[in-house]
Structure formats: structure tokens, C-alpha cells
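The block underneath contains the structure these notes are about, expressed in C-alpha cells.
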Amino acid sequence: MIPIVTPDQMAAIDAAAPEGTDVLVARAGAAVALAARQMMGGTYGRRVLVAAGKGNNGADGRVAAAALERWGVRCRTETPPQALELVAAPNAGAPASSAWDLVIDAAYGTGLRGSWGAGQAPAVPVLAVDIPSGIDALTGADHGCWPAIATVTFGALKPGLLLHPGAAAAGEVQLARIGLNTSAAASWLVTDADANAALPVAEPTAHKWRRAVRVIAGSPQMRGAGHLVCAAAQRAGAGMVVVSSPGRRAADVARPAETVARDLRPGNWAEPSLEGIDRFDAAVIGPGIGTDPTASAQMARFISQCPIPLVADADALGAVADHPECLRERTAPTILTPHDGEFARLTGAAPAADRFDAVRQAASMLGAVVLLKGPTTLVAAGAEPHAESHQLTVLAVTSGNARLATAGSGDVLSGVIAAVLSGGPADPAGVASQVAAAAHWHGRTATVDGQDPAAAATPLTAMGQVDLLPAARAGLAACGAESSSA
């Protein structure tokens with residue numbers, strides 16, 4: 001996993017480094033120079049403008065400029081105000097920045113909390129040092145920056161490089177380690193190899209009940225929700241999936257052909273739905289059930305009494321908000337999967353600008369694993385032994401993209417999580433890793449056919465995501481094999 005630290009944590013890591021600032025700056029500047037050379041495709045005859053501030057960020061830029069000049073690049077190093085003027089000044093009817101092949105933004109980096117006056121972006125590619133100046137390194141808020149094609153950051157990622165709009169402004173992020181000890185980081189970015197390692201593999205003696213998933217989902221108005229959960233769970237490795245829709249006879253429940261359906265009569269259906277629950281390894285409740293008070297009360301009763309790992313999604317999150325005591329009565333792991341609106345209902349407020357802290361606080365308050373959906377999905381477990389809320393580990397997932405913003409995508413994710421959880425028990429931190437791995441796997445369905453430009457721009461339907469799960473899993477396994485042999 002790749003470490004993620006806040007600006008304050010990074011400052012403490014820098015201060016604790018055994019090497020002096022000059023050594024760290026030399027390493028950082030060299031990394032920037034190498035990235036610049038790669039972006040330009042060479043050095044001979046190239047021209048570079050460097051916006052260099054007074055702090056370490058500016059020092060990194062000046063070291064990079066010196067290295068580039070040794071390679072034959074003509075560099076012009078200016079203060080941030082002067083660089084802004086040069087970029088904005090007209091030159092024969094075109095921006096003056098067209099006089100350069102590359103602009104290096106070493107103006108302020110993570111030390112800036114507001115605007116530095118960046119308006120017109122350079123007409124040439126921008127390479128940012130640590131983070132684009134004007135992007136809040138903690139929240140990703142954009143106070144005015146030069147959007148970068150690439151960013152070289154040092155020691156660890158910063159939240160603002162992962163949270164939008166900062167993530168878009170940073171371009172391709174390259175991490176230069178430069179010898180800093182970031183092992184104590186409390187947040188980590190999940191990679192393909194990490195996800196592959198956390199996903200279960202069927203044992204040689206496996207049978208259909210070894211990884212069984214119980215699903216309570218769907219209604220006459222939302223018949224497809226349960227079908228999608230079941231289909232995803234099956235494609236993600238569940239050996240047996242049994243589904244019920246409250247108020248529906250088994251014959252009327254929409255489901256894949258391999259899924260078993262059971263009647264669930266109207267009224268008090270929570271207790272009947274728990275019959276034989278010990279045979280299952282994980283369960284899902286909520287998608288498409290509805291939000292009326294009776295349904296909410298029954299979902300809460302199921303949640304409180306379900307003795308196995310449980311994914312509460314969609315309408316079940318409203319049930320938790322209405323009946324918070326249902327979580328306190330649970331003994332097995334609970335996974336809550338809110339988007340921002342559901343998060344606000346669960347916690348009483350929308351996620352704060354510092355989304356990493358927001359998911360930590362929610363997990364601690366609810367005593368559950370919370371998966372906060374978004375362009376960057378965040379996972380935190382609220383039951384880590386002896387951990388204060390600010391110490392809870394947060395796992396970030398960035399494998400997906402806007403192709404997954406389609407109806408039913410959340411139902412697919414719930415089914416994948418349940419199938420992964422059915423692979424075996426784990427401690428709270430292990431459950432969080434499994435949940436993050438499932439989210440990463442689901443996200444990878446958006447890029448399986450990424451070599452096709454037409455596909456990359458096309459929304460991916462929920463059933464399309466289900467169909468691509470095996471190919472995405474094979475891709476993760478290949479990355480895991482490469483990581484093991486490296």
C-alpha cells in the first residue's frame with residue numbers, strides 16, 4: 001500500500017528524518033528534474049520556466065532547474081508573482097508561456113492554504129512539485145492553480161492529491177520516496193497488488209456452502225436491485241446465494257437462474273428471514289426494499305439479530321439512522337456503504353471537507369466499517385482495538401471512474417463485498433482490508449476494456465460491471481504475480 005499523510009504529518013516526518021533538509025531537497029529536486037526530462041522527451045534545446053517560492057518547495061524547483069541546466073535545458077527561474085506575470089503577458093498575440101516547453105510549479109506546494117493569484121494557465125504542460133500550488137493538500141479544494149499534467153510528490157501521497165478537484169488538477173501523480181520513513185501513516189492507498197492479496201481464493205475442498213451469501217433485497221417497485229446483488233455475489237465467488245424480497249413469494253423474486261429464492265411474507269418478516277442464517281458466511285440487506293416505517297423497523301431488527309458479517313446498503317442505511325440501537329446489539333462485523341446523502345443521515349452532517357477525518361469519525365461513532373462512496377472511496381473500521389478515532393486506519397480506493405456512475409452500481413458493490421467477506425473471518429482491520437479490496441476490484445471493471453477509446457467514454461451498466469468482474473479479477477491476479485516476482 002502507498003502511504004497518505006496530511007501536511008502536518010508530513011512536516012513531522014521531515015523533521016524526524018536523519019538526513020538534513022539540504023539532502024532531502026537535493027533528492028526531491030533530482031526527482032523533479034528526471035520527471036521533467038521524461039515529460040519533454042529529452043533535454044537538448046528545451047526551455048523551462050520554473051516558478052520557485054521561498055520555502056522548501058521553491059528550493060526543490062531551483063535544484064531541479066540546476067540539474068536540467070546541466071543536461072542542456074535553458075531554464076528561467078522566477079518568483080511566483082513574476083512567473084504569473086510572464087504566463088499572463090501577451091507575446092505576439094499568444095500567451096508568453098508558449099515560449100517554453102514546460103512550466104514547473106514549485107511556487108508554494110503544500111504550504112499554501114489559499115489563493116496565490118493563479119489565473120490563466122500556461123499554454124504548455126505543467127509539472128507540479130509536491131502538489132499544484134493553490135490546491136489544499138488536506139481537502140483537495142482548488143483555490144486557483146495551474147492544472148498539471150503530472151505531479152511529483154515526496155515521501156507519501158497527500159489527501160489533496162486524491163480528493164477532487166485536487167486529484168484532477170494534479171494529473172499523473174509520481175511518488176518519490178527520497179528516504180523518508182512514512183511507515184506510521186494512518187491512511188493508505190490500495191493498489192492492485194494489495195487488493196489481490198486481500199481477496200479470498202477458493203480452497204481445494206470448497207463446496208457451495210463454504211462461501212454462502214444471504215440477500216434480503218428488492219420490492220415490487222425495485223425488482224432489479226436484488227437481482228444485481230445476487231449476480232454480483234455469484235460472479236465474485238459466492239458458492240451459494242439465497243435471496244428474499246419482503247412481501248414477495250419466491251416465484252416472484254427477480255434473480256439469476258442459479259440463485260435460490262425463499263418466500264418472505266408481508267409484515268413481521270425479520271425473524272423468518274433469519275431462519276438458517278448460521279449456514280451463511282455473509283449477508284446483504286437494504287437494496288430496493290423501501291423506506292416506509294414498517295420496512296425500516298424490520299430491517300433494523302434483522303440487522304440487530306444477524307450473527308454473521310453484514311453489508312447494510314441503500315434503504316438499510318436509513319433503517320440504521322432511524323434505529324441506531326440496532327448496531328449496538330451486533331456481535332459480527334457490520335459494513336455500512338453510504339454516499340454523501342446517506343452519510344449525512346447516518347451521522348447528522350454531510351462529510352466534512354477533510355473526508356479522511358469524516359470517515360474516521362463516522363466509523364468510530366457507529367462502531368462499524370464505513371465505506372464512504374465517491375470518486376475516491378474511503379474505508380475505515382470503527383472497532384480497531386485501543387485506537388482513538390484519529391488513529392483509525394483509512395484505506396483509499398481510486399480504481400474506478402465516472403463510468404460506474406450508473407443505476408445499480410451500488411447494488412453490484414454490495415454483492416461483491418458480501419462475496420469477499422464470505423471467504424473467511426477476519427479482525428476489524430482485516431475486514432476493512434477485505435472491503436477495500438472488494439471496492440477496488442469493483443472499480444477495476446471500469447478499466448478492463450480501457451484500451452477501447454469508445455468504451456472508456458461510455459457509462460458502464462450495472463450488469464456490464466457484473467459481467468466484467470472475472471476479467472477484472474484476472475487483471476488483479478496478474479498484478480499480484482508481478483509484485484511477488486519483483
Side-chain angles (χ1 to χ4, degrees), residues 1-32 56-57 60 109-111 129-131 137-138 151-163 167 170 173-199 354-357 359-361 363-364 369 376-399 426-437 439-440 479-480 482-486:
M1 288 191 284
I2 300 173
I4 306 166
V5 301
T6 68
D8 288 344
Q9 292 167 343
M10 194 72 246
I13 290 169
D14 284 339
E19 296 90 352
T21 299
D22 290 348
V23 174
L24 298 178
V25 167
R27 292 172 181 170
V32 173
N56 288 344
N57 196 252
D60 297 338
T110 62
V129 177
D130 215 10
I131 194 168
L138 185 64
T151 297
V152 179
T153 197
F154 312 113
L157 300 174
K158 286 74 187 178
L161 294 170
L162 301 171
L163 300 175
V173 178
Q174 304 172 26
L175 177 61
R177 299 287 184 177
I178 70 170
L180 295 171
N181 181 3
T182 57
S183 60
S187 301
W188 300 84
L189 177 65
V190 176
T191 68
D192 286 347
D194 300 324
N196 181 68
L199 294 174
D354 181 354
R355 292 175 71 87
F356 283 76
D357 184 64
V359 75
R360 281 192 180 94
Q361 296 290 344
S364 179
V369 175
T376 295
T377 292
L378 302 178
V379 179
E384 292 184 34
H386 314 300
E388 301 289 340
S389 61
H390 68 276
Q391 298 174 317
L392 297 181
T393 300
V394 174
L395 302 178
V397 176
T398 60
S399 58
D427 58 24
V431 171
S433 294
Q434 292 174 330
V435 171
H440 188 94
C479 289
E482 290 176 5
S483 177
S484 298
S485 62

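All values below were derived from every heavy atom in this structure, side-chain atoms included, with hydrogens, water molecules and symmetry-related copies excluded.
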Inset, instruction - Drop me the distance from Thr151's OG1 to Leu161's CG, to the nearest 0.5 angstrom. - result: 6.0 Å
Legend entry - Heavy-atom donor-acceptor pair, Thr182 side chain to Pro3 backbone, under 3.5 Å: no
Inset, instruction - Verify the distance criterion only: is there a donor paired with an acceptor across the side chains of Thr153 and Lys158 at less than 3.5 Å? - result: yes
Legend entry - Exercise: identify the closest heavy-atom pair between Val369 and Ala432: CG1-CA, 4.4 Å
Inset, instruction - State, to 0.1 Å, how close Asp60 and Phe154 come at their nearest heavy-atom pair, and which atoms those are. - result: OD2-CE1, 3.5 Å
Inset, instruction - Can you measure from CG (Leu378) to CG (Leu163) and round to the nearest 0.5 angstrom? - result: 6.5 Å
Legend entry - For the student: nearest non-hydrogen atoms of Ile4 and Ala396, plus distance: CD1-CB, 3.9 Å
Inset, instruction - May I ask you to decide if Ala193's main-chain N or O and Asn196's side chain share a donor-acceptor pair within less than 3.5 Å? - result: no
Legend entry - 4.5 Å side-chain heavy-atom contact, Ile178 and Glu19: no
Inset, instruction - Supply the atom-to-atom distance Leu199 CG to His440 NE2, rounded to the nearest 0.5 angstrom. - result: 9.0 Å
Inset, instruction - State, to 0.1 Å, how close Leu180 and Gly155 come at their nearest heavy-atom pair, and which atoms those are. - result: CD1-CA, 4.1 Å
Inset, instruction - Would you give the length of the straight line joining atom CD of Gln361 to atom CZ of Phe356, rounded to the nearest 0.5 angstrom? - result: 14.5 Å
Legend entry - Leu24 versus Ala17, closest heavy-atom pair with distance: CD1-CB, 4.0 Å
Legend entry - Taking every non-hydrogen atom, the tightest pair across Val190 and Ala436: CG2-CB, 4.0 Å
Inset, instruction - Any chance you could measure Leu189, atom CG, to Thr398, atom OG1, to the nearest 0.5 Å? - result: 4.5 Å
Legend entry - Separation of Asn181 CG from Asp14 CG (nearest 0.5 Å): 12.0 Å
Inset, instruction - Would you confirm whether Asn57, through its side chain, and Val129, through its main-chain N or O, come within 3.5 Å as a donor-acceptor pair? - result: yes
